[in-house]
Q: 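After the structure tokens below, expect a handful of questions from me.
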Amino acid sequence: MLFKSSRIVLGIYLLIRYACAFIHPIEVNGKQFVDSVTGEPFFIKGIDYQPGGSSSVNDNQDPLSDPGKCARDIILFQELGINTIRIYSINPDLDHNVCMTMLAAAGIYLILDVNSPLENQHLNRYEPWTTYNELYLRHVFKVIEQFSNYNNTLGFFAGNEVVNDSRSAKYSPPYLKALVSDMKKYIHENAPRAIPVGYSAVDDLHFRVSLSKYLECHDPSNPYNEVDFYGVNSYQWCGKQTFVSSGYDKLVNAYRDYSKPVFFSEYGCNEVLPRQFEEVQALYSSDMYTVFSGGLVYEFNQEANNYGLIDTDADGNAILLPDFRTLQSVFKKVRFPSTLEVRQAILKDNVVAMAPAVKSKCESSYQNLDISHPVAANLATNMIKSSVKVRESKYVDLTLEQLKTPYKIFESNGKEVLRNARVDIVSNFDGEDLKNIRRLHKHRYRSEASSYSKFSTLVLITIGIIELAFQLSVI
Ligand SMILES: *[C@@H]1O[C@H](CO)[C@@H](O)[C@H](O)[C@H]1NC(C)=O
Ligand SMILES: *[C@@H]1O[C@H](CO)[C@@H](O)[C@H](O)[C@H]1NC(C)=O
């Protein structure tokens, strides 16, 4: 018995070590996100996550700074069956290693906004020239510098709904383009891989098309200032609707010729309660999957605006709200299209098929936007050259204890659930990926050659493979 349990502990320990290396970076290929290792299209099935709202980010805490709360929420993310979260604000001076490792081990990606409501950490949409300065750019670069070391960072949002009315549309657009350029140059010079940069837009018909076109357009004098993906915050499917009655058909049509991936960076109208999330089925259906790469439901935590899936009590315990279980059952039915299905569907639609090849040239004007305001140039040059300093970020070894949460989880009727639950290490061990372990391990340990001798690596891998084979055969 003792032998068996210590063997399982060893197995799990090894799994954890392995899991860290196994989350494959996502990259952009045409209108699709793809898994950079398998080449398969990647669809976002996720939620927006900002416990306490953006204003709860401060010197001491942010959504990824408390491992116990991360474990609680990641257990629930896995219960929901998601693969991505979006966070709106973090503090790049805090330590995020444990939470990011736990997310990676759980197979969950992060899309991160680089702004926060704190001073010098966002653009003023009506007077952007007062806030687009070196202090602000330093903050943005610190976020990038810290999170670019994690393979499960899927992308960065330069802004969220910065253009949200006619006044902001008059001043902000050129600043967004400049910021995208600064971010992409920083990544190009300093990050280990080309992490995509996008923008998250309010879905307002005044600039649905024009802003997306402006941010995508190709300027030969600056190849960095085009977004790599576009997020749309859409709340137009409320209650009982269809693809057509919701207006999703027009939305899809508006982005068919977009050259980059598009997805819902927020969705889940709450005008009709309780929510049924019937739009989920449409989002991953052949009506949409050639144009939309999935989306993120707004939002995980309950706030005053009443979109939450869970609430927390004063002790930090979680209470599942009814929407949690509804969304879980809807998500369970989602089947992602296969590589072949996506390829065939794209070939059937000429506009979609041609879109990535057609680089839209920057025009001199865009409907309902003013792009004429000049932006101070070269503010970022020195920081990009020398890179900014941040706390070291990397995946770390997790203990079994860290995979559990000190908090309790209750159903909405008060019944405790998921007692003793643990973050599930999902990695590529099942089925055919077992074959790849050896190859992947070589990969991982090569970059960590200083901490492992070749011999102990070999021993560890051998034990791991035997252990895994044993465990799989037991199951
Ligand atoms: C990150 O991904 C790259 C490319 O797949 C891989 O070479 C590297 O080992 C990964 N690093 C970690 C820490 O997982
Ligand atoms: C745009 O955002 C600002 C700041 O949050 C807000 O005051 C304004 O009302 C918003 N405009 C619209 C049309 O929602």
Side-chain angles (χ1 to χ4, degrees), residues 27-28 87-93 110-149 153-163 168 171-201 211-231 260 265 362 366 369-390 393:
E27 57 189 23
V28 169
I87 293 181
Y88 293 82
S89 297
I90 58 98
N91 174 350
D93 293 326
L110 169 68
I111 304 178
L112 183 59
D113 287 65
V114 296
N115 303 293
S116 97
L118 298 173
E119 200 182 343
N120 296 319
Q121 302 192 355
H122 61 273
L123 289 177
N124 175 326
R125 55 169 58 74
Y126 303 128
E127 299 176 336
W129 52 91
T130 62
T131 44
Y132 180 79
N133 55 39
E134 288 184 32
L135 277 174
Y136 170 61
L137 290 171
R138 181 172 295 279
H139 169 77
V140 171
F141 294 154
K142 279 167 82 172
V143 173
I144 293 174
E145 182 69 37
Q146 196 184 46
F147 281 82
S148 59
N149 289 324
T153 301
L154 196 166
F156 295 110
F157 274 130
N160 179 55
E161 304 194 353
V162 177
V163 173
S168 49
Y171 300 114
S172 287
Y175 286 85
L176 292 174
K177 199 108 172 129
L179 179 58
V180 166
S181 168
D182 295 333
M183 290 172 66
K184 289 182 64 168
K185 279 185 191 151
Y186 190 91
I187 290 169
H188 181 77
E189 292 298 324
N190 300 295
R193 65 189 166 91
I195 302 174
V197 173
Y199 174 75
S200 174
L211 185 60
S212 73
K213 290 281 174 208
Y214 172 60
L215 291 179
E216 153 196 58
C217 80
H218 178 66
D219 172 359
S221 72
N222 181 0
Y224 292 101
N225 73 7
E226 52 199 82
V227 287
D228 299 311
F229 60 86
Y230 202 71
K260 311 284 164 79
S265 33
C362 289
Y366 287 84
L369 304 178
D370 186 341
I371 59 166
S372 65
H373 209 283
V375 179
N378 303 326
L379 284 181
T381 311
N382 286 334
M383 275 184 275
I384 290 172
K385 205 176 287 166
S386 58
S387 86
V388 297
K389 296 277 162 293
V390 282
S393 60

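Values in this document were obtained by computation on a predicted structure and should not be read as measured data. The analysis underlying the following values was restricted to heavy atoms, covering all of them including side chains, and did not include hydrogens, waters or symmetry mates. In this chain, numbering begins with 1 at the start of the sequence shown.
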Q: Test side chain to side chain contact (heavy atoms under 4.5 Å, CB included) on F147 and F156; report intermediate values, then the result.
A: CA-CA 9 Å; F147 281 82; F156 295 110; 4.0 Å; yes
Q: Among side-chain atoms of S265 and S200, is any donor-acceptor pair under 3.5 angstrom?
A: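 Yes.
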Q: Would you give me the side-chain donor-acceptor pairs under 3.5 Å for residues 373-385, sequence neighbours excluded?
A:
from : atom 1 : to   : atom 2 : distance (Å)
T381 : OG1    : N378 : O      : 3.1

Q: Just so I know, are the side chains of Y88 and L112 near enough to count as touching, which here means a heavy-atom distance under 4.5 Å?
A: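 No, their side chains stay 4.5 Å or more apart.
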Q: Compare all side-chain heavy atoms of M183 with those of I144 and state whether any distance is below 4.5 angstrom.
A: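 SC-SC contact between M183 and I144 confirmed.
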Q: Report yes if some heavy atom in the side chain of K185 is under 4.5 Å from a heavy atom in the side chain of N222; otherwise report no.
A: yes
Q: Salt bridge check, E226 against K260: does any charged N sit closer than 4.0 Å to a carboxylate O?
A: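 A salt bridge is present here (some side-chain N lies under 4.0 Å from a carboxylate O).
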Q: For the pair K142 and E145, find out whether any cationic side-chain nitrogen is under 4.0 Å from an anionic carboxylate oxygen.
A: no
Q: Are any side-chain N or O atoms of T153 and backbone N or O atoms of L110, one a donor and one an acceptor, separated by less than 3.5 Å?
A: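 Not confirmed, T153 side chain does not pair with L110 backbone.
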Q: Please give me the minimum heavy-atom distance between Q146 and S393, naming the atom from each residue.
A: O-OG, 2.6 Å
Q: Does I187 offer a backbone N or O that forms a donor-acceptor pair with the side chain of R193 under 3.5 Å?
A: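 It does not hold such a pair.
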Q: Could you verify whether a donor N or O on one side chain and an acceptor N or O on the other, from Y136 and N115, lie under 3.5 Å apart?
A: yes
Q: Can you see which heavy atom on L179 is nearest to which on L123, and at what distance?
A: CD2-CD1, 4.4 Å
Q: State, yes or no, whether a side-chain contact exists between P173 and Y366 at a heavy-atom distance under 4.5 Å.
A: no
Q: Between V163 and L176, is any pair of side-chain heavy atoms under 4.5 Å apart?
A: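 They are in contact (side-chain heavy atoms under 4.5 Å apart), so the answer is yes.
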Q: Heavy atoms only: give me the nearest N149-P192 pair and the separation to one decimal.
A: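 Looking at all heavy atoms of both residues, the shortest contact is OD1-CG, 3.8 Å.
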Q: Is there side-chain contact between Y214 and L369, with at least one heavy-atom pair below 4.5 Å?
A: yes
Q: Minimum heavy-atom separation for S89 to S116, with atom names?
A: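 The answer is OG-CA, 3.3 Å.
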Q: Does the side chain of N124 reach to within under 4.5 Å of the side chain of H122, using non-hydrogen atoms?
A: no
Q: So, do F157 and F229 sit near enough that their side-chain heavy atoms are less than 4.5 Å apart?
A: yes
Q: Could you tell me whether K177 and D219 have a side-chain N and a carboxylate O separated by less than 4.0 Å?
A: no
Q: Between Y199 and V162, is the side chain to side chain contact (heavy atoms under 4.5 Å, CB included) condition met? List the steps.
A: CA-CA 9 Å; Y199 174 75; V162 177; 3.8 Å; yes
Q: Test your reading of the model: is there a side-chain donor-acceptor pair from D228 to the backbone of G198, 3.5 Å cut-off?
A: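 The answer is no, because no donor-acceptor pair under 3.5 Å joins these two groups.
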Q: Parallel, tilted or perpendicular, judged at 30° and 60°: which one describes the rings of Y171 and W129?
A: perpendicular
